[in-house]
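The structure under discussion appears below in the form of structure tokens.
Note that ligands are numbered from 1 as they come in the structure, with each ligand's atoms numbered from 1 the same way. Computed from a prediction, not measured in an experiment: that's the story for all the values here.
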Amino acid sequence: MVRLACKKVQKKVEEELKAKTDLLISKGNRAPSLAVIMVGDNGASRTYVKNKEDACTRLGFMHFDYRFSEDVREDELLNLIDELNKRNDVDGILVQLPLPKTIDEKKIINRIDPEKDVDGFSPINVGRLSLEEECFIPCTPKGILEILKYYNIETRGKKAVVIGRSNIVGKPMAMLLMQKGIDATVSVCNSHTKDLSSYTKDADIIIVATGKVNTLYSSMCKNDAVIIDVGVNRIADSTREKGFYLKGDVDYDSFADTDCQITPVPGGVGLMTVIELMENTYLSCVRRSGI
Ligand code: NAP
């Protein structure tokens, strides 16, 4: 089995982005800026938000942080988004999901100006993606394409299976893989798919995004498949300092004697998601200032 380490890919994208950002600033433009809104104190969300803020600091981006308690009212969030939409010094607006059940997530996301929707979740950006128009591509699928590109993995004419159909991973991933220029033949599976193996068995590329451990194991795959494990599952373990460890959706160990290429968890797709968010924020800054 070959481990597709993503640290190298992330480092390459980050170095290129830092160079572009430094050039932008040296020409007298202001640094790209990201507003991050987080509600509640979910441990995983806190980690993701911290990773995003750390990336902003490393790249010299500005970031504006907004924290709310679980009982924040929907209209308070909507008012903040309206204000951020108008501000010239804000290029990207990110609302960390999930939001508490009392808040209508769709309404919040739809309120973000599509030109600042650096997560690419708003209907306008989703529509543009499906029409293959310029848009903000959702960060996780965008990062996965970057991994495939870095490792010279051919997509044209290949059979790709996406396991999971969420709006943030599965659907945009499938849309990207079928785009002109990428040219894979794509199947998309969900929890009602009968006999998952019949789809994965002859797939060249498999993207697994279910949030369920051991969704995919070696006997379900060709001996030389490329497997991208998107899942992040917290497994309780009292011997660890944090009380848990992270595991993907793939039964990694079962692939030891195969020729499959697999992204690890941790150290895989998650690293790419953050850097692609930064790339989208940079793109927004450039587009909005007409440079
Ligand atoms: P989600 O919204 O819960 O969607 C999961 C999808 O998987 C659903 O479409 C579900 O089908 C499908 N599914 C569940 N069990 C299945 C099975 N046994 N066979 C086939 N399909 C199955 O999750 P998500 O937001 O896409 O995230 C998926 C995983 O990726 C999570 O672990 C999440 O933490 C992780 N993630 C990681 C990153 C990163 O940067 N590394 C980014 C985003 C998400 P139904 O539609 O029928 O329910």
What I want to find out is whether [X] reaches [Y] closely enough, with some N-O distance under 4.0 Å, to be called a salt bridge.
X   : Y   : value
K12 : E16 : yes
D54 : K50 : yes
R67 : E53 : yes
D89 : R30 : no

Which ligand 1 atoms, with their elements, are less than 4.0 angstrom from a heavy-atom of [X]?
X    : answer
A209 : 5 (C), 6 (C), 7 (O), 28 (C)
H192 : 47 (O)
G270 : 39 (C), 40 (O), 41 (N)
I163 : 20 (C), 21 (N)
G211 : 28 (C), 29 (C), 31 (C), 32 (O)

(message) Applying the salt bridge (Lys or Arg N to Asp or Glu O under 4.0 Å) criterion to D204, which one of K158, K159, K222 satisfies it?
(response) K222
(request) Return a yes/no value for K212: is any of its N or O atoms, backbone included, closer than 3.5 angstrom to an N or O of ligand 1? (result) no
(message) Please state which option from G170, P138, S166 has its nearest heavy atom closest to atom 1 (P) of ligand 1.
(response)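 The option holding the nearest heavy atom is S166.
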(request) Going by heavy-atom distance to atom 25 (O) of ligand 1, choose the closest among T210, V269, I168. (result) I168
Residue and atom name of the nearest protein heavy atom (relative to [atom]), distance in Å to one decimal:
atom                    : value
atom 34 (O) of ligand 1 : V232 O, 3.7 Å
atom 18 (N) of ligand 1 : T215 CG2, 4.5 Å
atom 39 (C) of ligand 1 : T273 OG1, 3.7 Å
atom 42 (C) of ligand 1 : T140 OG1, 3.3 Å
atom 27 (O) of ligand 1 : V169 CG2, 4.4 Å
atom 12 (C) of ligand 1 : G164 CA, 3.8 Å
atom 36 (N) of ligand 1 : V230 O, 3.7 Å
atom 46 (O) of ligand 1 : R165 NE, 2.7 Å

(message) Hydrogens and angles aside, do T258 and S218 bring a side-chain donor and acceptor to less than 3.5 Å of each other?
(response)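 Absent: no donor and acceptor within the cut-off.
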(request) Classify the side-chain pair T239/D237 by whether it contains a donor and acceptor separated by less than 3.5 Å. (result)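 There is such a pair (donor and acceptor under 3.5 Å, judged by atom type) between the side chains of T239 and D237.
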(request) Applying side chain to side chain donor-acceptor pair (under 3.5 Å) between D117 and each of N125, N85, N110, report the one that passes. (result)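 In the set N125, N85, N110, the residue that makes a side chain to side chain donor-acceptor pair (under 3.5 Å) with D117 is N125.
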(request) Given salt bridge (Lys or Arg N to Asp or Glu O under 4.0 Å), test E134 with R128 step by step and report yes or no. (result) CA-CA 7 Å; E134 186 177 271; R128 286 177 183 160; over 6 Å; no
(message) Applying a strict under-4.5 Å side-chain criterion to I, L, V, M, F, W and Y, I'd like to know whether L34 and F68 cluster together.
(response) yes
(message) Under 6.0 Å from the ring centre and within 45 degrees of the ring axis: does the NZ or CZ of R3 meet both conditions for the six-membered ring of Y252?
(response)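 Because its charged atom misses either the 6.0 Å distance or the 45° angle limit, R3 does not stack over Y252.
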(request) Report yes or no: does a heavy atom of T193 sit under 4.0 Å from some atom of ligand 1? (result)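 T193: no contact with ligand 1 (<4.0 Å).
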